[in-house]
Each structure stands twice: as structure tokens, then as C-alpha cells.
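Before we start, here is the structure in question, set down as C-alpha cells.
Because only heavy atoms are used, hydrogens play no part in the values below, and waters and symmetry mates are left out as well, while side chains stay in. What you see is a predicted model; the values in this text were computed from it and never measured. A, B, ... follow the sequence lines: proteins, then strands. Residue 1 opens every chain.
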2 protein chains.
Amino acid sequence: MKKITLKAIAERAGVSVATVSRALNGRGPMDEATREQILRIAEELGYAPDMAARSLVLRRTENIGFLIHALQSLSPHTFYGEILTAVERELRRHRYHLHFATVEDETLPPLIKENRVDGLILAGCDLPPVLIRSLKERRIPLVLLDNHLLGIDSVFTDNVNGAFQATAHLIRLGHRRVAFIAETLDNLSFQERFEGYRQALEAHGLPFDPELVAEGERGFEGGFVAMNSLLDRARPTAVVAANDPTAASAMRAIRARGLRIPEDIAVVGFDDDPLAVHTDPPLTTMRVFRSKMAVLAVARLLDLIQNPEQPALHIRIETQLIVRQSCGSPLTPS
Amino acid sequence: MKKITLKAIAERAGVSVATVSRALNGRGPMDEATREQILRIAEELGYAPDMAARSLVLRRTENIGFLIHALQSLSPHTFYGEILTAVERELRRHRYHLHFATVEDETLPPLIKENRVDGLILAGCDLPPVLIRSLKERRIPLVLLDNHLLGIDSVFTDNVNGAFQATAHLIRLGHRRVAFIAETLDNLSFQERFEGYRQALEAHGLPFDPELVAEGERGFEGGFVAMNSLLDRARPTAVVAANDPTAASAMRAIRARGLRIPEDIAVVGFDDDPLAVHTDPPLTTMRVFRSKMAVLAVARLLDLIQNPEQPALHIRIETQLIVRQSCGSPLTPS
DNA sequence: GAGTAAAATATTAGCGTAAACGATTTCTCA
DNA sequence: TGAGAAATCGTTTACGCTAATATTTTACTC
């Protein structure tokens, strides 16, 4: 089966390749009859332009790179999986394609230098800023997703305000000793959520007690570790977890000590991960709009590709409190 | 910043572009001194071959397509996320790149006709066989991952034997009324697991009772629906779930009726999804080797690209029983 | 040191496409 | 009808690279 090229169509239609190219791309005035005939033949032969030839001459690939830190791939929550598929869906709608790549350090991934992509979506706040800066210097259009950095376009979740609301929810339910736990604070999102937690305490006139803050370790059981070390030294009546896996993990630590949720300790998570509905009791959490982030990031990136010289835009998306049973419902306070 | 091409290097080194190309690709005999000089200059200038030009002439892209049914992206379990990142890691090791695409129906995804990839990994058994066949007819090297079909290379999990073992585990613990639930049986993997369940019953001399089989619906709450409808008409002492999310969901249905796990009903899942450790009690399940599948599929695909005319290979990977607390431990039988 | 073999490098062609430019035909209107 | 404008289409070039072929340089033999 030989490759179907412009030439093949040209021969069949008895015209030159340029005419075929013009007909297919709709450039310049043309005789409607011949255009239709060419389109018909192209359809018949199942023609599709060779991407290599096309991008060689057009200097663009219609590929977008989706970059994520390799760390995240290990992370078992589906956060970036959902974002990835949402980004792909949106790109497909615009006839773009998605290159998926992970980076482990600060070295430039090969797809950049090799001109494999027209732009980049950098997902997550674990990508080293040094890498981001050096990508920016190469003047590749790029958008940060779920991350932000001065001078670079970004679409991200309002973590500070989200954590504020989560904490305020607990305070409204009457809690006075509210703890904060995270797998790690070596992560911008979690730091911001921590900040939101502190602001909420302050706004409600509650003292900040460092004893009520615990860090665990990276990985799925980070929340378990954090919660245990916290319970070893203090006894909060409520816990704000930096994300849902951490919360779920912490819930296991709480129950392992014979404490009840939410009666003894209320728990609120963050992200509205699918697992939130499966914990026992189902987890109250802050919903994060992954697919909305994806759509906005793609739109921004495509705009940036068309028109590169623009001031950086920072799009912040608010979160939404999803009340389940892990804090006691507002109707039946714990 | 102008693009760094072979020509630029050639001019700097005072040789022709062909020599530079040969030096970089290591083809043909060369003066060691000039080769080293060329390599040095290329390094200095940060040269990387333009992928479009390269693949235009070489007729290959060093891109692999990773295809998945759009349905799966909605599915919140991390199964294919882990596989995806494992595939990407393995491809990167071989200096290949990954194109991520989802399909919603049987139409050929554009990346095929446009020559964007050298080969395909088709992940999951939800991809329409019609589509798979038509891809095969285009003679694109491809490997099925977590799926199998006669005449097409595949790497997949031994679902039948896995479910057999899961069921046998329950029977060994003394259970006689063992149920089977799935989100849907409209899926090869789940059908095979169902088959393994039946075979285990038969092998242990237990009758097959259709009353003890329930299907739910696609989506995260499928297990909840299935378990409820099952409990409405029957009362098993143990349940085999087609996968972990289904099991987790079913556990909620069981507890919602005030029944205890594993004392009243034992539960075993499938996949060893990360969430298995977070359920209460932690879920006994069959471990599936995602990253092993990924590595094998990539190896097979790259081999197939180099040497297309080979008989199809079918690589089946066994599962492993992971005993947690949802069945009662073998040491403390329920 | 001439003749030849071998090694090293240069020249050329071509991959499939789009765009610039040029050539031809058709149309418009005085 | 004829001149110019407009429409239509063909030719050429360029994109950056590799492979095939041609040419030069070097090395070697007697």
C-alpha cells in the first residue's frame, strides 16, 4: 500500500500538486468544480497530509507537550490523570495533538530542542522553577497548570481561599482546636493551603498552635504518618488535610486509635478526589475544577501560540465546599 | 535566536552538511579529529536535529501512540494512569516519545493517517475490535495492553486465573455462598474474572447460583448499585468484586445495611488499586502488574517496529493475591 | 615517484508540503 | 473588439535532513 501524497491526487485529477494543496487548504480563488473534484479524490483515496512534511515547511507541528514531574506519576491519586484527559479532549477539539512527557530533574526534555511541539502545558507545582524559566527563555509558548510563577501565564486553583473556607467550615461547626496535616510542605499548593488555614484561624480569632501542624512524608501513606505524629503530642477536634489522599490516610490513623469520625475528630480534605466518596465516612472536601482548568489552559496556550507577545495572564479558579459526612453535617453538628 | 541547523555547524567547522550528519549519526568511516570537532561544536551550539526534517526523510517519527478509550479517562481509578506513566518512562529510555490520544468511537484517530507515530499501544479492552482490526490492516505496528485479540500482539493480565485464586481464597476460608459483582459485564476483563469465579466454584464443588451474581452500572458507584440489588434478593457470606473501586463501593453498600466486613460478608477485590489500602477494612485483592505490562508492551512494540513480519505473541501475566483485612486474615478466620 | 587502493569528504537528489511568483486563461467594460 | 483586471493554475523554491553517488585527499606498494 503506497503512501497517498499530494502528487497521487494531482495525477488522478490531472492538475499540479500546488493546485491540490490549494484546494485542500482553501487558499486563493479556485474553480469550484475542480476543487470539488480534488476534494472528492482526496476523500476517496483517504488522503491525510504527512505531518512531517507539513510541519517542516510550516514550522509548526500542531502538537502540544504536556509536561509533568515524574514524581506525580507515582502519586496514586487521579488528579493529573483527569487533567490530562481533559487537556487531550480540549486539544483534540482544536485539532491539536498531545505529547505526554515526564521530567525527573532540571534538564530540558528532548521534545523541546527537537521541535516536536508548538507549546507546552506544564502541570503541577513540582516542576523545578529553574526548568520552567529556561523553557520560557527559549520563547516556547507555555502555560502553567495548577501552578503559578511571576511572569508566566498560569491557570490554577485558589488554594489559599479554598483552605480558608475548609477551615472556616470547621470553625463554624464549633471546632476550636483545628489541626493541619500534609504529606509534605515542600510543595507550593500545600503551602498555600497551609496559609489559608492560618488565615482562617486568625480571621476567627483563634490562636495558631504549631503543635497542631504535622507533616508526613511523600507518598500515599503520608497522611497516616502525619496524623500519628500529631496524635502523639496533641488532640485536635478537627483536622484540615492538604489533600484527599492525605485525609483518607489520616482517617485510618484516627480510627486505628479507636477514635470516631466525626464525633471525636472531624476531617476535611481537599481536591474532591474520587476516593472522597469511598472513605468511611465520606469525606467533606474542597472541590477543585480540573477540567475547567484544562479547558482554560488550552485556550490560553493556543492564543499564546497565535499571538506570542502578550502580558502574562494569571487565571485563578475558586474552589467549592462539598459537604459529606466526615465533619458531621451542618444539620446535625457533632 | 536563529535555529541551529546542520548548516550552521557545517559552516563553523568548515565542512559540508553531509559530513556533519555523518559525524552525528556515526555512519561511515571518518577522521576522528574532525568528528570530535563537529561533536564539540554541535554541543556548544546546543544542536538537536529537527524532528520534522528528520522524520520526513527517514520515514519514521520515533513517536509511539498511546490509545485509550475515552470512557477510561472518565473512570476515576488510576489503573491506566499508572500504565501510561510506566509506558512513557520505558519509551523515554529508548529515546522514543509518547503521543497520548483517546478515541470515542470507531473512527481512525488522525494521528494515524498523518504519520505522526511509528507504532501504537492500545490500552484497555474497551477499544472497539473493529477499530483495532482496521488499524491492523493499515499495517501499523501495534500491541494490545491489558487486552487481547486473536492475531494481534498482546500483553495482558491473567484475569481468569486471578479471579479463580481470589474466589478460591474465600472458599478456603470456609465460605460457601460466594457472590460476584461487577460494574458491568460488558467488558472483556470483567467477563474473564467472572469466568474465573465460576471455574473456582466448580473446582471446589460449589454450585453456581445466578442469584449471587449482580451487575451495577458503569461509573464509580457501580459497585454500590450492584451490591444493593444483590443484597435485596440474597445474602452471601462473601463477595468477589470485578475490581477494587467496585469492591470499595460495595463495601459502603454492605455497611449501609449495618453488616460488618469481614464478619458478616467478606470482600475481595481485583487490581490492587491504591485505594485498596484506604478502605475500611483494607481490601484483600489480586495484584496486577501494571508497570510490568507496560515494559513488556513497549519492548514488544519496538521489536515489532524493527521487524514487522512476526507471528503474534500473547504475553499473559499472572496476578498475586494480596491479603489484607477484608476477608478476615487466614490466621483469624471469620 | 607513479600507480592504485583506501579513506575522507563534497555534491546531489529527494522526502511531502506550502508559498511566492509567474504564466495563462477568462471576464469586464469602454 | 481590445485592453486591462481578475481568476485560475503551474513552476519553482525552500524547509532540514539523510543516503547515494561523485570527488578529492591520503596512504601504500613496488
Quiz item: Is the shortest side-chain N/O distance from Ser16(A) to OP1 or OP2 of dG10(D) below 4.0 Å?
Solution: yes

Quiz item: Are Leu108(B) and Leu131(B) side-chain neighbours, meaning at least one heavy-atom pair lies under 4.5 Å?
Solution: yes

Quiz item: From the list dA8(C), dT17(C), dG10(D), which nucleotide is the closest neighbour of the side chain of Asp31(B)?
Solution: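 Within the option list, the nearest is dA8(C).
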
Exercise. Ignoring the backbone of Ser21(B), work out which of dC9(D), dT18(D), dT9(C) is nearest its side chain.
Key: dT18(D)

Quiz item: Counting any heavy atom closer than 4.0 Å, what does Leu56(B) reach on the DNA or RNA strands: base, sugar-phosphate only, or nothing?
Solution: base

Quiz item: Atom CD1 of Ile9(A) to atom P of dG16(C): distance rounded to whole Å?
Solution: 13 Å

Quiz item: How does DNA chain C look in dot-bracket form if you count Watson-Crick and G-U pairs under 3.5 Å, write [ ] for pairs that cross, and put | where a base pairs with another strand?
Solution: ||||||||||||||||||||||||||||||

Practice problem: Check the distance between dA8(C)'s P and Arg35(B)'s CZ and give it to me in whole angstrom. | Solution: 10 Å

Quiz prompt | 5′-ward residue of the pair Ala53(B)/Ala18(B) relative to DNA chain C | solution = Ala18(B)

Quiz prompt | Integer-rounded Å distance: dA19(D) C1' and Met30(B) CE | solution =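 It is 15 Å, rounded to the nearest whole Å.
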
Quiz item: Rounded to the Å, how far apart are Leu24(A) CG and dG16(C) C1'?
Solution: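 Rounded to whole Å, this separation is 13 Å.
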
Exercise. Tell me what Thr5(B) touches on the nucleic acid: a base, only sugar-phosphate, or nothing, going by heavy atoms under 4.0 Å.
Key: sugar-phosphate

Quiz item: When the distance from CZ of Arg22(A) to C1' of dA19(C) is rounded to whole Å, what number comes out?
Solution: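 Checked: the CZ to C1' distance equals 9 Å.
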
Exercise. Of all the heavy-atom pairs spanning Glu104(A) and Ala70(A), show the shortest one and how long it is.
Key: CG-CB, 3.4 Å

Quiz item: Base, sugar-phosphate, or nothing: which does Val15(B) touch, judged by heavy atoms less than 4.0 Å apart?
Solution: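 Counting heavy atoms under 4.0 Å across all strands, the contact made by Val15(B) is with sugar-phosphate only.
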
Quiz item: dT8(D), dT9(C), dC15(D): which one has an atom nearest the side-chain heavy atoms of Arg59(A)?
Solution: dC15(D)

Quiz prompt | Any donor-acceptor pair under 3.5 Å from Ser21(B) side chain to Val17(B) backbone | solution =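 Here the side-chain-to-backbone pair does not exist.
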
Quiz item: NA contact type, Pro29(A), heavy-atom cut-off 4.0 Å: base, sugar-phosphate, or nothing?
Solution: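 Since a base atom lies under 4.0 Å of Pro29(A), the category is base.
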
Quiz item: Tell me the salt bridge (charged side-chain N to carboxylate O under 4.0 Å, His left out) pairs involving residues 11-25 of chain A, sequence neighbours left out?
Solution: Arg12(A)-Glu44(A)

Quiz item: Using 4.0 Å as the upper bound for N to carboxylate O, is an ion pair formed by Arg40(B) and Glu36(B)?
Solution: no

Exercise. Send over the distance from Glu32(B) CD to dA7(C) P, rounded to a whole Å.
Key: 14 Å

Quiz item: NZ of Lys7(B) versus P of dT18(D): gap in Å, rounded?
Solution: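 Distance, rounded to whole Å: 15 Å.
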
Practice problem: Could you please name the option among dT18(D), dT9(C), dC9(D) that lies closest to any side-chain atom of Thr34(B)? | Solution: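 In terms of side-chain proximity for Thr34(B), the closest of dT18(D), dT9(C), dC9(D) is dT9(C).
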
Quiz item: Any idea how His99(A) and His99(B) line up, ring-wise: parallel (<30°), tilted (30 to 60°), or perpendicular (>60°)?
Solution: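 Judged by the thresholds at 30° and 60°, the geometry between His99(A) and His99(B) is perpendicular.
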
Quiz item: Looking at dT17(C), dT18(D), dT9(C), which one has an atom nearest to any side-chain atom of Asp50(A)?
Solution: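 Minimum distance to the Asp50(A) side chain belongs to dT17(C).
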
Quiz item: Between dA18(C), dG16(C), dC15(C), which nucleotide gets closest to the side-chain atoms of Val57(B)?
Solution: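 For Val57(B), the side-chain atoms sit closest to dC15(C).
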
Quiz item: If you check the Leu58(B) side chain, which of dT18(D), dA7(D), dG10(D) turns out closest?
Solution: dT18(D)

Quiz item: Starting at CZ of Arg27(A) and ending at P of dC9(D), how long is that distance when rounded to a whole Å?
Solution: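 Between P of dC9(D) and CZ of Arg27(A): 17 Å.
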
Quiz item: Checking Asn115(A) side chain against Met51(B) main chain: does a donor-acceptor pair fall under 3.5 Å?
Solution: no

Quiz item: Is a side-chain N or O of Glu82(A) found less than 3.5 angstrom from the main chain of Arg290(A), in a donor-acceptor match?
Solution: no

